[in-house]
Amino acid sequence: MTVVLLLLQIFVLDELSIALWIRPMLFPLIVMLLPMELRTIWVLLGSLGVGVVMDVALGGAGLYTATLLPLVVLRHWVMYITTGRSVEFGDQSSLLSRLPLRQLMIYATAMLGLHHTMFFLLETLSFISPLRLIATIVLSTLMSVVVAWPILRLFLSKIVVK
Amino acid sequence: MYRLLEFIKLIYVFVIFVVLEVAALWSYATSSPYTEAKILARTTAVGASISGAVTYTQNFFALPDENRALMERVAALSAEVQSLTMQQEGEVVEGMFAQDGDDSASHFRYHPAKVVSMTTNRQRNYLVLDRGAMDGISKDMGVVTAENALVGYVVSCSDHYSVVQPMLNVEFSTGGRLVDNGHVCVVWWSGDSMYEVDAKDLSVYSEPQEGMRVEVRSERLPDGVLLGTVKSYELNSAKSAYSAKITIAADMSRLDNLLIVENTHYHEIESLVQQAQ
């Protein structure tokens with residue numbers, strides 16, 4: 001799934017020109033959907049790998065990595081704030097698999113919004129056109145969520161079946 | 001050692017995250033002239049603001065020492081001004097530039113002091129200063145602000161502290177003089193307002209005016225110590241003298257660093273006066 005998402009991002013989404021302001025990004029889903037029970041160090045190293053691949057493939061020069069790594073540190077907090085759930089000691093099943101689709105979508109929206117905010121702020125490095133910046137963040141997040149919807153449904157059905 | 005290892009184990013993920021994040025940001029920042037200029041400008045601004053905040057905090061905590069040093073300097077300058085004034089008036093004084101702790105002969109010495117406690121809301125108010133007999137302070141010394149405005153007189157001393165009777169005390173009394181014409185008066189406090197004192201026995205020929213400056217006239221203080229300005233005046237019922245309300249020059253509600261003025265000739269003058277009586 002990781003590879004599929006990476007390829008989708010690099011060869012499809014990045015080539016799309018829906019509008020100048022709308023740039024959907026799905027690769028943060030890779031970090032978001034890693035099991036919450038997985039040790040943070042492995043998630044961190046995994047995110048580093050994804051970030052480096054994206055930077056090399058799309059010429060981000062560290063931008064993709066820099067905006068992906070904070071998600072690793074923040075994802076447990078975002079999960080708790082958006083769904084009120086956290087990984088309990090002795091949990092036998094994956095926390096993500098126990099989330100209803102609605103809560104998973106809220107969590108994904110928050111994480112994507114967070115990522116897109118960091119990404120576009122760092123990419124622009126300017127507040128000359130704040131409205132345009134906000135519009136880019138909001139519209140791109142919404143677009144990402146729309147595209148992520150079927151992927152999240154697929155993800156849920158897969159892990160529930162497992 | 002074990003605790004150190006435990007601590008490192010606790011934070012190593014976060015440390016790795018910080019290292020990786022900084023490396024990624026550095027890589028991005030140096031990838032083009034635009035990002036380099038933008039990010040370095042921002043980090044420089046943040047660094048400068050942090051540095052500014054640290055410097056401000058350091059300066060804030062250094063203020064007591066600076067205040068002390070400034071008051072020492074004010075004391076030295078006051079002594080110098082006093083000596084120069086006397087020199088100008090043709091008085092021969094040895095040891096013109098005597099300062100705190102100097103034993104040379106000068107009429108007035110200035111000792112910096114800090115207010116420890118004070119009251120302003122009573123009929124008999126007092127100030128406590130952090131200088132006492134061990135610092136060469138004794139009864140009847142004058143107390144002025146750094147702006148050379150009268151505060152009061154020392155009424156008692158312990159080894160390390162002294163008690164001052166300020167103008168805001170119904171038992172306070174001192175001599176005053178109109179700067180413009182030299183007419184003298186007696187200044188006291190009726191207890192009505194913490195911003196005003198009263199003057200009485202002002203000659204009918206003194207022609208007081210509102211706004212006239214009133215100086216202290218006392219052997220305990222040098223000339224030039226400001227008491228206040230005339231706010232209002234009236235002839236007494238016998239039409240033999242004026243009485244006046246004087247706005248106090250010193251802000252009595254905001255006293256902090258003060259100067260205690262010592263007249264080294266005061267006891268000599270006092271004993272002469274007692275002999276004469």
Side-chain angles (χ1 to χ4, degrees), chain A residues 25 27-28 30-32 34-78 87 114-130 133, chain B residues 1-67 70 254 256:
Chain A
M25 284 181 275
F27 65 93
I30 299 167
V31 178
M32 292 156 45
L34 282 173
M36 301 298 282
E37 299 76 11
L38 199 62
R39 288 183 65 182
T40 311
I41 184 68
W42 299 125
V43 182
L44 194 67
L45 293 175
S47 304
L48 177 68
V50 172
V52 169
V53 169
M54 295 298 296
D55 278 323
V56 171
L58 299 174
L63 176 62
Y64 290 90
T65 309
T67 51
L68 207 54
L69 291 176
L71 296 186
V72 179
V73 181
L74 296 173
R75 65 185 201 137
H76 283 275
W77 291 351
V78 175
V87 178
L114 200 62
H115 172 267
H116 288 26
T117 305
M118 288 189 290
F119 185 91
F120 290 115
L121 276 175
L122 208 54
E123 187 187 52
T124 313
L125 289 174
S126 167
F127 294 99
I128 292 173
S129 310
L133 180 66
Chain B
M1 188 65 185
Y2 175 75
R3 284 189 176 181
L4 182 67
L5 287 172
E6 282 293 308
F7 180 69
I8 292 170
K9 196 176 162 185
L10 204 68
I11 63 161
Y12 82 101
V13 175
F14 186 72
V15 172
I16 291 171
F17 160 71
V18 171
V19 170
L20 292 175
E21 184 68 19
V22 169
L25 284 173
W26 181 255
S27 165
Y28 176 61
T30 53
S31 64
S32 72
Y34 173 76
T35 53
E36 193 166 351
K38 281 284 184 182
I39 291 183
L40 289 183
R42 290 247 183 257
T43 50
T44 306
V46 170
S49 65
I50 290 170
S51 172
V54 169
T55 307
Y56 177 80
T57 309
Q58 283 174 340
N59 288 346
F60 178 79
F61 285 109
L63 278 179
D65 291 338
E66 284 188 18
N67 279 341
L70 282 172
R254 224 172 44 135
D256 190 17

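Each chain gets a letter, A, B and so on, in the order the sequences are listed, and its residues count up from 1.
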Looking only at non-hydrogen atoms, find the nearest pair between [X] and [Y] and report the distance.
X     : Y      : answer
B/V13 : A/I41  : CG2-CB, 4.2 Å
B/E21 : A/P70  : OE1-CD, 3.4 Å
B/Y28 : A/E123 : OH-CA, 3.3 Å
A/A61 : B/S27  : O-OG, 2.9 Å

Q. Within a strict 4.5 Å, meaning less than it, do heavy atoms of the A/T65 and B/L20 side chains meet?
A.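 They are not in side-chain contact.
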Q: Name the region of A/L122, side chain, backbone, both or neither, that has any atom closer than 4.5 Å to a heavy atom of chain B.
A: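 When you check distances to chain B, atoms from both the backbone and side chain of A/L122 fall under 4.5 Å.
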Q.
For A/L63, which atoms come within 4.5 Å of any heavy atom of chain B: side chain, backbone, both, or neither?
A.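 Contact with chain B: backbone and side chain both.
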